[in-house]
2 protein chains.
Amino acid sequence: MRHAAKKAPPFKRTSHDHGHCVEDALDRAETLCDAQGARLTDLRRAVLELVWRGHEPIGAYALLDALRKTHPGAAPPTIYRALEFLEAHGLIHRIESLNAYIGCDHPERPHVSQFLICAKCSTAAEIDDPSVSRALSKSADGAGFAVTRQTVELSGLCPTCQREARA
Amino acid sequence: MRHAAKKAPPFKRTSHDHGHCVEDALDRAETLCDAQGARLTDLRRAVLELVWRGHEPIGAYALLDALRKTHPGAAPPTIYRALEFLEAHGLIHRIESLNAYIGCDHPERPHVSQFLICAKCSTAAEIDDPSVSRALSKSADGAGFAVTRQTVELSGLCPTCQREARA
DNA sequence: AATTGGCATGTTACATTGTAACCGATGCGA
DNA sequence: TCGCATCGGTTACAATGTAACATGCCAATT
């Protein structure tokens with residue numbers, strides 16, 4: 001049992017059924033919002049879908065452009081409100097160092113935001129590493145600091161881009 | 001020896017000789033730049049001093065306003081170039097979640113950026129916790145990810161503001 | 001001393017990202 | 001049906017960050 005059930009390593013981006021993965025995310029969001037009495041409106045759902053489409057961090061204005069195809073009247077506040085809602089409900093993360101947003105891998109578990117961000121191909125892999133969280137909690141506790149939000153962002157090169165760089 | 005030489009806990013913000021602490025930071029910066037053959041010009045030095053003055057995160061445009069008292073011609077590029085230089089040489093950190101900058105506590109050691117940021121009083125305490133770094137390195141290694149930059153920002157309440165909140 | 005080349009800075013203009021404030025529409029419970 | 005809260009439209013603007021080109025300055029070389 002030692003290695004069997006380990007979750008897939010973040011960058012094993014095995015070709016996946018993307019359409020399915022987006023739908024899946026939307027379904028889970030639906031369920032989650034129902035459970036919380038939160039309203040996943042058409043607009044919010046549309047934005048969430050767009051966030052998931054690219055499967056990599058995307059900026060608010062890029063989302064806005066995309067959103068306008070289906071919601072022509074959309075303006076900056078439109079997108080920012082939707083993003084605020086989605087983030088508040090754990091459905092997306094904001095990546096501070098990129099001013100960008102990405103879908104959350106596992107919105108059902110309360111969690112923090114930890115990412116490996118490739119500077120070359122700009123994929124961002126969510127790692128929700130308990131030992132990192134533990135170390136951080138310990139550090140914060142030691143300082144008497146009450147954490148409400150974690151931002152952990154490691155920039156660098158993903159395995160694929162490293163190989164390319166060597167070649 | 002176990003506990004004797006521990007560095008001061010981040011939020012023991014014992015009233016310190018601020019003027020001295022700023023000068024000290026500037027002196028260390030001078031030394032460091034000399035050693036690296038980097039040019040800590042008047043302008044850059046002035047910006048670094050302003051960053052240290054407040055002893056808490058400060059935005060680029062606030063710095064710009066302050067800088068204009070001594071350098072009337074300063075424009076956005078002025079400040080951003082100086083900040084870029086200072087950050088590249090480890091003299092300041094950018095706090096991504098605040099779009100702000102703060103002086104680095106120990107520029108001589110190569111290090112990462114780890115902060116506890118109080119949402120109330122907006123002080124930011126640098127914690128350079130090896131066990132956090134270790135956990136992060138391990139996580140990144142496990143994913144085959146080559147880290148070039150760490151951003152760790154914990155928002156919350158500092159001990160002082162917690163006490164105030166309870167009262 | 002003059003030349004040249006690199007770096008720092010000045011200057012203008014603009015791009016990107018994010019918000020405030022107010023309004024009407026919609027839905028839902030009292 | 002009325003009142004209330006939430007959602008979203010709309011306008012205008014604030015805050016943050018950069019591109020691109022011009023100028024100045026110093027220092028090494030000739």
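- A distance-only check finds a donor-acceptor pair linking the side chain of B/R44 to the backbone of B/R39 [under 3.5 Å].
- Just one residue in the list A/L40, A/T41, A/L86 forms a side chain to side chain contact (heavy atoms under 4.5 Å, CB included) with A/C33, and that residue is A/L40.
- Distance CD1 (A/I79) to P (C/dT19): 14 Å, rounded to an integer number of Å.
- With rounding to whole Å, A/L40 atom CG is found 15 Å from D/dG8 atom C1'.
- Going from atom CZ of B/R68 over to atom C1' of C/dG10 covers 12 Å, rounded to whole Å.
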Next item on the list: Could you go through the ring pair (Phe, Tyr, Trp, His ring centres under 6.0 Å) check for B/Y101 and B/H93 one step at a time?
Entry: CA-CA 6 Å; B/Y101 302 82; B/H93 292 286; over 10 Å; no
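- Put simply, CD1 on A/I58 is 16 Å from C1' on C/dG18, counting in whole angstrom units.
- Distances shown here put a side-chain N or O of A/R44 below 4.0 Å from the OP1 or OP2 atom of D/dG8.
- Looking at A/Q114 and B/S139, their side chains never bring a donor and an acceptor atom within 3.5 Å of each other.
- The interatomic distance linking A/R45 (CZ) with D/dG8 (P) rounds to 14 Å, in whole Å.
- Taking atom CG on B/L64 and atom P on C/dT9, their separation rounds to 15 Å, with Å as the unit.
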Check: Which letter, B, S or -, goes with each nucleotide of nucleotides 14-24 of chain D from 5' to 3', with contact meaning a protein heavy atom under 4.0 Å?
Finding: --BBBBB----
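- Taking the side chain as every heavy atom from C-beta outward, A/R45 and A/L26 approach each other to under 4.5 Å.
- Within a 6.0 Å sphere centred on NZ of A/K120, heavy atoms belonging to other residues, nucleotides or ligands number more than 12.
- Listed pair A/T78 / D/dG9 meets the phosphate criterion, a side-chain N or O lying under 4.0 Å from OP1 or OP2.
- We find that CG of B/D42 is positioned 14 Å from C1' of D/dC26, with the value rounded to whole Å.
- Taking atom CG on A/D65 and atom P on C/dA15, their separation rounds to 14 Å, with Å as the unit.
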